[in-house]
Structures are given as C-alpha cells and as structure tokens.
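Basis for what follows: all heavy atoms, side chains included, without hydrogens, waters or symmetry-related copies. Please read these numbers as outputs of a predicted model, since none were measured by experiment.
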Amino acid sequence: MNKLFVRWEAFVFITIELSLICGVEIFGRVASESVSSPASQLVFGTEAFMRQHWYPVSIPAFNAILLFAIFNHVNTRNYRFSLDVLGVYSCARAVINLCVINTMLFVNTNAPSLLLLQCGLFLPVLLIVWGWIYWRFSPPNKSVPGDLFHLQNYFDTAIPYDYFLASFRTVMAKNLVGITGSNRLGSTLILLHEIMVWNILALILTRAIGLATAVPTQ
C-alpha cells in the first residue's frame with residue numbers, strides 16, 4: 001500500500017486522462033445546427049483531427065510513459081522525467097479543452113445540456129492540474145524554474161493534498177487561498193489560474209441559464 005501511495009502522481013494523471021476522454025465522448029454526441037459557421041468549422045474540424053490523428057498516437061504513448069514511470073523507482077531521474085512529461089501533456093490538454101469549450105459559445109448546438117455537463121466535468125480536471133503545478137514548483141521539489149509558489153500551511157509539514165486543497169478552494173473564494181507567488185512568474189501563474197477558474201464558472205452559469213430559459217421545441 002505504501003508503494004502505491006508514493007506513486008500518487010500516476011493516479012492523478014490517470015484521473016485527468018480518463019476525465020478528459022469522458023469529455024471527448026460527451027463532445028462527440030454534440031452536433032452543430034450551423035455547420036457552415038466559422039466557429040463550428042474550427043471546433044468540429046479540430047475535434048475530428050484529434051480523433052483521427054492525435055488520440056490514436058497520444059493515448060498509447062501516455063499509457064506507455066505511465067507504465068514506464070510506475071515500474072521505476074520513485075527516486076530515479078527516469079521516474080521524475082516521465083511524470084513531468086505527463087504533467088506537461090496534461091496541462092496542454094487542459095488548455096486545448098478550455099479553448100474548445102470557450103469557442104463552443106459561438107456554436108448553436110443540438111445538446112446544450114451535454115455542454116453544461118462537459119463544463120462541469122472539466123472544472124475539477126482544471127483544479128487537479130493546477131494543484132499538481134503548485135506542488136511541482138514548490139519547495140522541496142527543486143524544479144528547473146525554481147520555487148515559484150509558497151504554501152501558507154498551518155501544519156508542521158506540507159503534503160501534496162494541501163496543494164490540491166488550496167487549488168480547489170478557489171471555487172469558493174474570490175482569490176487563491178493558501179498559495180502565494182514566490183516571484184513575478186509565480187504570481188502571474190496564480191492570476192492565470194484564477195482567470196481560468198472564473199472563466200469555467202462563468203461558462204457553467206451561462207450554460208445553465210441558457211438551458212433553463214430555452215424554449216422547448218414542438
């Protein structure tokens with residue numbers, strides 16, 4: 001059990017990937033009512049490209065890197081490098097998803113309830129990704145850019161859970177609680193995190209209002 005616990009990052013990335021795959025499946029059931037619009041062509045063209053060319057390569061590669069990391073000792077460079085690659089990949093996937101979800105505002109679809117579900121599913125994924133970022137670039141992890149964040153912890157020793165807890169608390173607070181930037185880059189990333197969370201919350205509210213006020217078709 002202890003060996004599984006020390007590899008908690010692997011389970012975090014598995015959760016992120018499964019959630020994003022679930023979001024892709026939800027998106028696959030959405031159809032545009034105006035296929036000729038630029039927003040529709042951009043969104044559905046990008047998704048078609050990802051399904052046909054990117055996912056058949058990225059998902060097996062993700063699984064191979066994940067297995068490679070799991071079967072390596074946690075203190076080796078191979079383990080750290082493998083999980084950092086998965087972290088960068090997860091961050092990139094989250095940014096792409098966020099761009100697609102925002103672009104969908106300009107697309108008339110046949111399933112607004114599915115888009116609301118997609119936004120609700122993506123919010124915890126985004127918070128988990130930022131929790132990992134805060135943990136990875138905080139002492140004593142000795143990251144390449146240096147210590148970007150400082151955890152205002154009330155306990156004797158900070159554990160990874162504290163960083164994820166601070167990330168999730170942004171949903172209930174006006175700003176990030178418990179994390180401060182150690183330099184300008186860290187403070188800028190915290191601001192970016194807050195903007196992304198507010199963006200998703202606004203999208204969820206917009207979708208919910210649109211769904212509640214929609215006139216049912218006869």
Side-chain angles (χ1 to χ4, degrees), residues 1-25 49-100 121-151 153 155-168 176 178-190 192-193 196:
M1 181 63 67
N2 185 51
K3 291 182 178 180
L4 292 177
F5 181 76
V6 296
R7 288 173 169 80
W8 61 268
E9 285 180 90
F11 294 99
V12 166
F13 292 130
I14 291 174
T15 302
I16 293 173
E17 185 65 12
L18 290 178
S19 299
L20 291 175
I21 290 175
C22 183
V24 170
E25 292 302 318
F49 173 83
M50 298 284 283
R51 281 178 174 273
Q52 295 175 11
H53 303 287
W54 178 248
Y55 295 140
V57 176
S58 64
I59 293 179
F62 179 94
N63 294 334
I65 296 174
L66 183 63
L67 289 174
F68 178 76
I70 290 175
F71 287 107
N72 271 276
H73 195 274
V74 294
N75 294 324
T76 61
R77 291 185 178 181
N78 290 335
Y79 178 83
R80 182 70 268 152
F81 177 76
S82 300
L83 290 181
D84 285 346
V85 170
L86 296 181
V88 173
Y89 171 79
S90 299
C91 292
R93 284 286 306 275
V95 171
I96 293 173
N97 255 38
L98 183 64
C99 293
V100 169
L121 181 65
F122 178 68
L123 178 59
V125 172
L126 182 66
L127 296 174
I128 291 174
V129 168
W130 275 104
W132 178 82
I133 292 174
Y134 290 138
W135 172 83
R136 183 66 185 91
F137 297 105
S138 296
N141 291 317
K142 299 179 181 179
S143 60
V144 175
D147 298 333
L148 302 182
F149 309 106
H150 174 69
L151 179 66
N153 193 30
F155 305 100
D156 294 334
T157 304
I159 61 175
Y161 170 78
D162 297 327
Y163 295 92
F164 291 97
L165 179 62
S167 178
F168 272 81
L176 190 60
I179 295 284
T180 57
S182 301
N183 50 37
R184 290 186 179 89
L185 178 58
S187 299
T188 303
L189 290 175
I190 289 176
L192 179 62
H193 173 203
M196 294 173 76

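Taking CG of L121 as the start and CG of L20 as the end, the distance is 8.0 Å to the nearest 0.5 Å. Within the model, atoms CZ of F137 and OH of Y163 stand 13.0 Å from one another, a figure rounded to the nearest 0.5 Å. Atom-to-atom distance recorded for D84:CG and R77:CZ is 13.0 Å, nearest 0.5 angstrom. I16 CD1 to L126 CG: the interatomic distance, rounded to the nearest 0.5 Å, is 10.0 Å. From D162, atom CG reaches atom CD1 of I159 across 5.0 Å, with rounding to the nearest 0.5 Å. Rounding to the nearest 0.5 Å gives a distance of 10.0 Å between CG of L185 and CD1 of I190.
Looking only at side-chain heavy atoms (C-beta outward), L83 and Y79 come within less than 4.5 Å of each other. Using a 4.5 Å cut-off on side-chain heavy atoms (C-beta onward), L189 and W130 make contact. The side-chain heavy atoms of S138 and L151, taken from C-beta on, include no pair separated by under 4.5 Å. I59 is not listed as a side-chain neighbour of W54, based on a closest heavy-atom distance of 4.5 Å or more.
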Could you walk me through whether F81 and T76 pass the side-chain contact (heavy atoms from CB on, under 4.5 Å) test, one step at a time?
CA-CA 9 Å; F81 177 76; T76 61; over 6 Å; no
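When all heavy atoms of S90 and F13 are compared, the closest pair comes out as OG-CD2, 3.5 Å. Considering all non-hydrogen atoms of both residues, A166 and I179 come closest at CB-CG1, 3.7 Å. In terms of heavy atoms, W132 sits closest to F164 at N-CE2, 3.5 Å. Residues P60 and V57 share a closest heavy-atom pair of CD-O, 3.4 Å. Of all non-hydrogen atoms in L66 and A10, the two that sit nearest each other are CD1-CB, 3.7 Å.
Taking N63 as the reference, nothing meets the side chain to side chain donor-acceptor pair (under 3.5 Å) condition, with sequence neighbours excluded.
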Throw together a table of side-chain donor-acceptor distances under 3.5 angstrom for residues 91-98, partners on residues two or more places apart or in other chains.
{"unit_1": "R93", "atom_1": "NH1", "unit_2": "E17", "atom_2": "OE2", "d": "3.4"}
{"unit_1": "R93", "atom_1": "NH1", "unit_2": "Y89", "atom_2": "OH", "d": "3.0"}

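Summarising the local packing, OH of Y55 is surrounded by more than 12 heavy atoms from other residues, nucleotides or ligands at distances under 6.0 Å.
The aromatic rings of H193 and Y134 lie tilted to each other, with the angle between the two planes from 30° to 60°.
Between the side chain of S82 and the main chain of I65, no donor-acceptor pair closer than 3.5 Å is present.
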